[in-house]
Amino acid sequence: MKNRSNFSGKLGFVLAAAGSAVGLGNIWRFPYLAAQYGGGTFLIIYLILAVTFGFSLMVAEIAIGRKTGLSAIGAFKALDSRFGFLGVLAALVPIIIFPYYSVIGGWVVKYFSVFLTGQGAQAASDEYFGGFVGGTFEPIGWFLIFLGATAVIVLLGVEKGIEKVSKFMMPILVLLTLGISVYCLTLDGALDGLAYYVQPHMADFSVKTILAAMGQLFYSMSLAMGIMVTYGSYMRKDTSLESSVRQIEIFDTAIAFLAGLMIIPAVFVFSGGDPKMLSSGPSLMFVMLPKVFASMPMGNIIGVAFFVLVIFAALTSSISLMETIVSIFRDKFHWGRKNACIFVAVLALILGIPSSLGFGPLSFITWSGMTILDIMDFTSNSVLMPIVAFFTCIFVGYVIKPKTIADEVRENGAKFTGEKLFNVMIKWITPIFLILILVSSVANAMGWFKL
């Protein structure tokens, strides 16, 4: 694509890509999985997987994007026409995720407004969250606000919109995470929660621990969504690809770890040391944490700061999702940015409304106990993403060959110190793990066994 936009340099690329990776999955999903699957044991396994599995897939996707200068819809086809289908599958993932992710983003904005107006105590009641999401017009209104904010930033473009916003939001996100973590660790009894979080519990170790860590890594690092391919297509040739990936991994993992320091000790104190209170899944953020904030000194202020943090995390990810879809339509139909942004925003609105109403007027629509939003989440994260990642490994490992990626990484004389690891992971180990993730996710959803 001629005259394709670019990030101004390495810092802009790393912050934007890290912003994509740092999202709601880091803030609520990582802490409750760590609490559920052995604390420090989970942390160690996750870290090992991040520098092997995560590194290999991210290098492959960014290199494919930078080499072709195209979004996922065209990048795979440009390298081998037989794999055009893979670009279509990769393009479907953000198209499915972005609408329902924006619905959840709207919930975050709602809770921020609640704490900002001093109504945090109301949000701590058992019925509050269910009453809110079960409504018709109010959840859609907050969904529209979040979707509109995302669209405006993407409309401004890569350098003036995405990069500039990422450079502003990511440092604030880090400072807020650090500040809230330190405050939570000063609470009476918080150190017991810290010990529970960081100490390995080998008795809880199992194959499920590995699969849970793999699934979280996949979910957290924006892999197999077409995002890293798209951002790679905006990456300058003189930017070191390997070191950029390492920095994105560090950024993403550090925020996830700090989120655990915020949430696990605080909930541990609130629950009197009952770890089951940490295993409440998505409701942890909207049901359990407001109760925790209500019980804290300065709880309303902490609640405001926390939901600002979550808004930033959600926005940086939603921006990358929307930009990926916009890039796909621009590459496919040669549209201008403005027309593509308007089309994608309207499409997201149409697809997102059923997910929003799935807890209220459309709550009768379920499958295997899942709401409409849950079905969309399962389809994208548990089915399509492992499939896309598996075929990406096959594509790189056996069709275009790992050397094609290595040559792109070594562009402009850069080194590729992790080349041997990359070759082994992309050809052999990663595909096997992806099949295990896909099988276990489907089996878990169908009730054949529970992770």
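All residue numbers refer to positions in the sequence shown, counting from 1. Predicted, not measured: the structure shown is a model, and the values here were computed from it.
Each of V396, V409, T430 was checked for a side chain to side chain contact (heavy atoms under 4.5 Å, CB included) with F422, and the lone residue meeting it is V396. When S244, S240, S243 are each tested for a side chain to side chain donor-acceptor pair (under 3.5 Å) with K10, only one passes: S243.
Rounded to the nearest 0.5 angstrom, I319 CD1 and I153 CD1 are separated by 3.5 Å. Taking CG of L217 as the reference point, atom CZ of F433 lies at 11.5 Å (rounded to 0.5 Å). Distance check, rounded to the nearest 0.5 Å: CG of L185 to CD1 of I180 gives 12.0 Å. The structure places CE of M225 at 3.5 Å from CE of M385, a figure rounded to the nearest 0.5 Å. Between the CD1 atom in I250 and the CD1 atom in I255 there is a gap of 12.5 Å [rounded to 0.5 Å].
Between H201 and F42, the distance separating the two ring centers is not shorter than 6.0 angstrom. Taking the six-membered ring where the residue is Trp, the centroids of F143 and W107 are separated by 6.0 Å or more. Between F268 and Y196, the distance from one ring center to the other falls under 6.0 angstrom.
Side-chain contact between I400 and F83 is absent, with no heavy atoms from C-beta onward closer than 4.5 Å. For the pair R82 and V399, the minimum side-chain heavy-atom distance is below 4.5 Å. Side-chain atoms of E411 and K67, non-hydrogen and from C-beta on, never get closer than 4.5 Å to each other. The side-chain heavy atoms of N412 and T239, taken from C-beta on, include no pair separated by under 4.5 Å.
E408 has a carboxylate O that lies under 4.0 Å from a charged side-chain N of K237, or vice versa, which qualifies the two as a salt bridge. A salt bridge does not link E242 with K415: every distance from a Lys NZ or Arg NE/NH1/NH2 to an Asp or Glu carboxylate oxygen is 4.0 Å or more.
When all heavy atoms of P402 and I426 are compared, the closest pair comes out as CG-CG2, 4.2 Å. Of all the heavy atoms in S222 and S20, the pair that sits closest is OG-OG, 2.8 Å.
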If you look only at distance, which donor and acceptor atoms sit under 3.5 Å apart when one is on a side chain in residues 305-312 and the other is two or more places apart or in another chain?
none

Listed pairs under 3.5 Å, donor-acceptor, residues 370-380 side chains, sequence neighbours left out:
from	atom 1	to	atom 2	distance (Å)
T371	OG1	D374	N	3.3
T371	OG1	D374	OD2	3.0
D374	OD2	T371	N	3.2
D377	OD1	Y100	OH	2.8
D377	OD1	N381	ND2	2.8
T379	OG1	I375	O	2.8
S380	OG	Y100	OH	3.3
S380	OG	M376	O	2.9
S380	OG	D377	O	3.2

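Evaluation of the salt bridge (Lys or Arg N to Asp or Glu O under 4.0 Å) test over residues 390-405, restricted to residues two or more places apart or in two chains, returns K403-D407. Legend: ring pair (Phe, Tyr, Trp, His ring centres under 6.0 Å) pairs involving residues 50-76, not counting sequence neighbours, sorted by first then second residue: F76-F395.
The ring-ring contact (aromatic ring centres under 6.0 Å, His included) search around F343 returns F329, W335, not counting sequence neighbours. With sequence neighbours excluded, the residues that form a ring-ring contact (aromatic ring centres under 6.0 Å, His included) with F257 are Y197.
Ring pair F7/Y231 is perpendicular by interplanar angle, where above 60° counts as perpendicular and below 30° as parallel.
Counted by atom type alone, S327 and T230 present zero donor-acceptor pairs between their side chains at under 3.5 Å. Residues E323 and Y234 have side chains that bring a donor and an acceptor to within less than 3.5 angstrom of each other.
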